[in-house]
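Predicted, not measured: the structure shown is a model, and the values here were computed from it.
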Amino acid sequence: MQAAALWNVHGPALFLRRGTIEMLESALQALLPAGTQALAEDALHLARRYKRLSGTPEIRFRLEKISHDSCRRFHVDHVPLRCLCTYTGPGVQWKYADSDTIHETPAGWITLLKGRLYPGWSTKGAVLHRSPPISALPVPVTRLLLTLDHPDACGMGRPDDA
């Protein structure tokens with residue numbers, strides 16, 4: 001996606017907000033680099049889908065450029081539900097807890113993961129995930145990753161808690 005490549009060149013390293021879809025759209029539109037409208041539309045479309053699936057009125061929305069190895073270990077997040085979409089670079093790696101087979105979600109595809117706070121979550125059949133290791137690749141890579149979460153994920157807190 002050309003818009004994602006343009007974001008990697010001209011967009012902020014991190015766009016992190018908590019809010020309603022309308023709030024997120026307004027904040028995102030205010031800083032869009034030229035040529036990245038299609039990326040914003042896709043990310044907001046996914047946010048709307050996530051909102052319907054999760055039933056939360058607000059979302060934690062993170063669009064981040066990643067050029068190092070992050071989240072190296074396979075894990076399950078401490079959230080009800082997490083949606084990941086890698087726009088550029090290698091996609092999210094995942095595996096079943098009882099398997100050594102590692103899968104990679106292609107760029108542009110969605111990874112929807114039940115976290116430990118998902119109702120009825122169990123270690124049986126759990127899916128673990130991690131960021132793909134990129135530091136050893138022969139050519140430097142920048143991943144552009146969208147993460148959609150419950151609004152309180154990762155200590156986000158309410159806007160009026162400041």
Check your understanding: Stepwise, does the side-chain contact (heavy atoms from CB on, under 4.5 Å) test hold for Thr86 with Thr105?
Key -> CA-CA 8 Å; Thr86 305; Thr105 304; over 6 Å; no

Any side-chain heavy-atom pair of [X] and [Y] under 4.5 Å:
| X | Y | answer |
| --- | --- | --- |
| Glu104 | Pro90 | yes |
| Lys51 | Thr20 | no |
| Arg130 | Ile102 | yes |
| Thr147 | Phe61 | no |
| Ile59 | Arg18 | no |
| His10 | Thr36 | no |
| Leu63 | Leu145 | no |
| Cys85 | Trp109 | no |

Cluster link [X] to [Y], ILVMFWY, side chain under 4.5 Å:
| X | Y | answer |
| --- | --- | --- |
| Leu53 | Val76 | yes |
| Leu46 | Val79 | no |
| Leu146 | Val9 | no |

Ignoring hydrogens and angles, state whether a donor on the side chain of [X] or [Y] is under 3.5 Å from an acceptor on the partner side chain.
| X | Y | result |
| --- | --- | --- |
| Thr88 | Asn8 | yes |
| Glu41 | Gln37 | yes |
| Thr142 | Ser67 | no |
| Tyr87 | Asp42 | yes |

Practice item. Step by step, work out the side-chain contact (heavy atoms from CB on, under 4.5 Å) result for Lys65 and Leu14. Key: CA-CA 6 Å; Lys65 297 179 200 177; Leu14 174 66; over 6 Å; no

Hey, could you give me the [atom1]/[atom2] distance between [X] and [Y], rounded to the nearest 0.5 Å?
| X | Y | atom1 | atom2 | result |
| --- | --- | --- | --- | --- |
| Leu117 | Trp121 | CG | CH2 | 10.0 Å |
| Lys114 | Leu81 | NZ | CG | 9.0 Å |
| Leu144 | Phe15 | CG | CZ | 12.5 Å |
| Arg52 | Ile21 | CZ | CD1 | 9.0 Å |
| Leu32 | Leu28 | CG | CG | 5.0 Å |
| Asp152 | His78 | CG | NE2 | 11.0 Å |

Give the minimum heavy-atom separation between [X] and [Y], together with the two atoms involved.
| X | Y | value |
| --- | --- | --- |
| Leu6 | Ala34 | CD1-O, 3.9 Å |
| Arg143 | Gly91 | NH2-C, 4.0 Å |
| Ala3 | Ala38 | CB-CB, 4.1 Å |
| Leu112 | Cys83 | CD1-CB, 3.9 Å |
| Val141 | Gly89 | CG1-CA, 3.9 Å |
| Leu128 | Ala97 | CD1-CA, 3.9 Å |

Tell me whether the count of non-hydrogen atoms from other residues, nucleotides or ligands lying under 6.0 Å of [atom1] in [X] goes above 12.
| X | atom1 | answer |
| --- | --- | --- |
| Tyr96 | OH | no |
| His103 | NE2 | yes |
| Arg48 | CZ | yes |

With a 3.5 Å distance limit and no angle check, can you tell me whether [X] reaches the backbone of [Y] through a side-chain donor-acceptor pair?
| X | Y | value |
| --- | --- | --- |
| His45 | Ala43 | no |
| Ser26 | Glu22 | no |
| Thr111 | Val92 | no |
| Asp69 | Ile134 | yes |

Practice item. Assess whether side-chain contact (heavy atoms from CB on, under 4.5 Å) is satisfied between Ile110 and Leu84, documenting all intermediate values. Key: CA-CA 6 Å; Ile110 299 166; Leu84 302 168; over 6 Å; no

Practice item. Output, in order, the C-alpha distance, side-chain angles, deciding distance and verdict of side-chain contact (heavy atoms from CB on, under 4.5 Å) for Lys95 and Phe74. Key: CA-CA 8 Å; Lys95 70 182 196 95; Phe74 281 101; 3.8 Å; yes

Point to revise | Result of checking His150, Arg17, Arg82 against Arg60 for side chain to side chain contact (heavy atoms under 4.5 Å, CB included) | key: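 Exactly one pass, corresponding to Arg82.
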
